[in-house]
Number of protein chains: 2
Amino acid sequence: MQIKSPDCTVCQFRSMMFDSLSRDELGRLNTCKSQHLFGKGELIVREGSAIQAIIYLHKGLIKLHKTTSDGRSQIISIARPFDFVGLLSVFSNDLYRYSITAIEDSSVCFINKDCIHHEILNNGKFALDIIRRMSQATDDVLQAKFSLSMKHLRGRIAHILLDFAENIYNTLAFDLPVSRKEISELIDMRPENVIRILSEFRKDGIIRINGPEIVILKPELLRQISDAG
Amino acid sequence: MQIKSPDCTVCQFRSMMFDSLSRDELGRLNTCKSQHLFGKGELIVREGSAIQAIIYLHKGLIKLHKTTSDGRSQIISIARPFDFVGLLSVFSNDLYRYSITAIEDSSVCFINKDCIHHEILNNGKFALDIIRRMSQATDDVLQAKFSLSMKHLRGRIAHILLDFAENIYNTLAFDLPVSRKEISELIDMRPENVIRILSEFRKDGIIRINGPEIVILKPELLRQISDAG
DNA sequence: CGCGGCTTTGATGTTCATCAAGTAAAGTGG
DNA sequence: CCACTTTACTTGATGAACATCAAAGCCGCG
């Protein structure tokens, strides 16, 4: 669903996006963007389709994911508001290498790829900004995958629970926006084992579970399990 | 060992590096670079040290690697000549997140980070070039790790052998530049299993082994094993 | 209602890490 | 140049971690 696009020059998130652009430049960008709403579960970008725009997440939560040859799915990362998404392949490829799907109701800004190109060519400060963001995003993904590959299943679950609590919701009680199956795709294991280990944590009094609701009762212990691997 | 730095403006690899720079700009870069030789096994950059330069691999082969909390090591990627290395964290961090070590005798160009910054700020075309390279490098690493995580051990070994043959040496007969242990760190398994599976492949007549020398006798079969996972 | 997908728990099997032990190769000091 | 140490390589045996299989309950949806 496309909605009325507010003016970038007065966008409340402007400073987080385009600090380095002048009012004029922002005005130009304003003419080549469009804002859309996506409901939970709705597909935003299909893997393999042509890249036309950079995606800026305004509100909500989205996942980058990929389907394997044998039909299974893997989640590359989860993006939070104010993240640019898909910076990774936008400049090196013509086709998206990942699908993007909303995992909560989300508001998304599409900024035409050519416009971004144009601004990069003409504004070095903006270019440097984009580069910094790309580096950061990449580092984060690699760091996460690296750290996961060193951990046993219990450590991975502990890690992902703390991640949701600390980096996404900023509270020890939250509703999981993803199914057990999706968690398994995010941290590279089977759904059965996600459930099994969550149950163990529940029995051990480390967390409380109510359907999608998770309450972390012993964050220190969870941290310990995550660090131990 | 530092060697006489040839002039960038006449560097034979210039076009692969800095297509988008004018003669003047190349001249400026020339003043803030230095070229060094590293022997096989020599450390080029230590993880955690301050980032002062971008590294351009002129000749040889180098690895990016990382040490875990429990003292083990993991190889992130292997870089070939003409690759920029460490673009990943150069712009988002003050410290190197990975170590870099020569795995063959290598010639390396250090280009001061501030100079690169300066050129990016003043030359949009160069900025776009850098962004493209970063994207490509990142995509490749993620793609490789993604594909590995889907495979069983035999598939990983098959994959890495084909990678050396097709993407690095362009021949079915080559000397492995890395030890069995390093292979295990690159594809996330144990050295014992690297050896075991190489032996199996040898017994099955898929490859021939002579110490470090590998000859791939049945590339199609190897491809099949790699694809099957 | 009934179908399909997600969830949950238990039982079984496979893959792989770990342990152990021995050989070869490569560097080190006398 | 040879004893000595260390590091890499190799093979086999064992066990742990995890995937797979099976079956039953749940929920949303046409």
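Since we're looking at a predicted model, the values are computed, not measured. Numbered from 1 within each chain, the chains take letters A, B, ... in sequence-line order.
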Could you check how far [atom1] of [X] sits from [atom2] of [N], rounded to whole Å?
X: B/Ile197; N: C/dT14; atom1: CD1; atom2: P; result: 17 Å
X: B/Asp188; N: D/dC18; atom1: CG; atom2: C1'; result: 15 Å
X: B/Lys181; N: D/dT6; atom1: NZ; atom2: C1'; result: 14 Å
X: B/Arg154; N: C/dT15; atom1: CZ; atom2: P; result: 10 Å
X: A/Glu200; N: C/dG10; atom1: CD; atom2: P; result: 11 Å
X: B/Ile157; N: C/dC16; atom1: CD1; atom2: C1'; result: 13 Å
X: A/Ile183; N: C/dC6; atom1: CD1; atom2: C1'; result: 13 Å
X: B/Met150; N: D/dA19; atom1: CE; atom2: P; result: 11 Å

Under 4.0 Å protein heavy-atom contacts per nucleotide of nucleotides 20-30 of chain D, with B for base, S for backbone only and - for none | BB---------

Determine, for nucleotides 21-26 of chain C in 5'-to-3' order, which nucleotides have protein heavy atoms under 4.0 Å from the base (write B), from only the sugar-phosphate (write S), or from neither (write -).
-> ------

Do A/Asp139 and B/Ser92 meet the criterion of a side-chain donor-acceptor pair at a distance under 3.5 Å?
-> yes

Computed from five pairs at either end and rounded to 10 degrees, the angle between the axes of the helix from C/dT7-D/dA24 to C/dG30-D/dC1 is 40°

Has A/Ser199 got a side-chain N or O lying under 4.0 Å from the OP1 or OP2 atom of C/dT8?
-> no

Please lay out, stage by stage, how A/Arg196 and A/Glu200 fare under the test salt bridge (charged side-chain N to carboxylate O under 4.0 Å, His left out).
-> CA-CA 6 Å; A/Arg196 239 184 282 277; A/Glu200 283 175 32; over 6 Å; no

For A/Asn170, does the CG atom have more than 12 heavy-atom neighbours from other residues, nucleotides or ligands under 6.0 Å away?
-> yes

Heavy atoms of other groups near A/Arg208 CZ, more than 12 under 6.0 Å | no

Taking all heavy atoms of [X] and all of [Y], pick out the closest pair and write down the distance.
X: A/Ile187; Y: A/Arg156; value: O-NH1, 3.1 Å
X: A/Leu222; Y: A/Ala158; value: O-CB, 3.5 Å
X: A/Leu162; Y: A/Pro219; value: CD2-O, 4.2 Å
X: A/Ala79; Y: A/Leu57; value: O-CD2, 3.4 Å
X: B/Ser77; Y: B/Val141; value: CB-CG2, 4.1 Å

Using a heavy-atom distance cut-off of less than 4.0 Å, which residues of residues 202-216 of chain B contact DNA chain D?
-> B/Arg202

Taking the side chain as every heavy atom from C-beta outward, state whether A/Glu182 and A/Ser179 have any atom pair closer than 4.5 Å.
-> yes

Rounded to the nearest 0.5 angstrom, the CD1-CD1 distance for B/Ile111 and B/Ile116 is 5.0 Å

CD1 on B/Ile130 to CZ on B/Phe91, rounded to 0.5 Å = 5.5 Å

Which nucleotide, C/dA17, C/dC6, D/dT11, lies nearest any side-chain atom of B/Ile195?
-> D/dT11

Of all the choices, D/dC9, D/dA19, C/dT8, which nucleotide is nearest to the side chain of A/Arg180 once you look at every atom?
-> C/dT8

Which residue pairs satisfy the ring-ring contact (aromatic ring centres under 6.0 Å, His included) criterion with at least one member in residues 167-198 of chain A, sequence neighbours excluded?
-> A/Tyr169-A/Phe174

Any donor and acceptor pair, going by atom type alone, linking the side chain of A/Arg80 with main-chain N or O of A/Asn167 inside 3.5 Å?
-> yes

Do the side chain of A/Asp83 and the main chain of A/Val85 share a donor and acceptor less than 3.5 angstrom apart?
-> no

Output the residues of residues 221-229 of chain B in contact with DNA chain C, where contact means a heavy atom of the residue under 4.0 Å from an atom of the strand; sort by number or write none.
-> none

Name of the residue among B/His65, B/Glu42, B/Lys63 meeting side chain to side chain donor-acceptor pair (under 3.5 Å) with B/Thr101 | B/His65

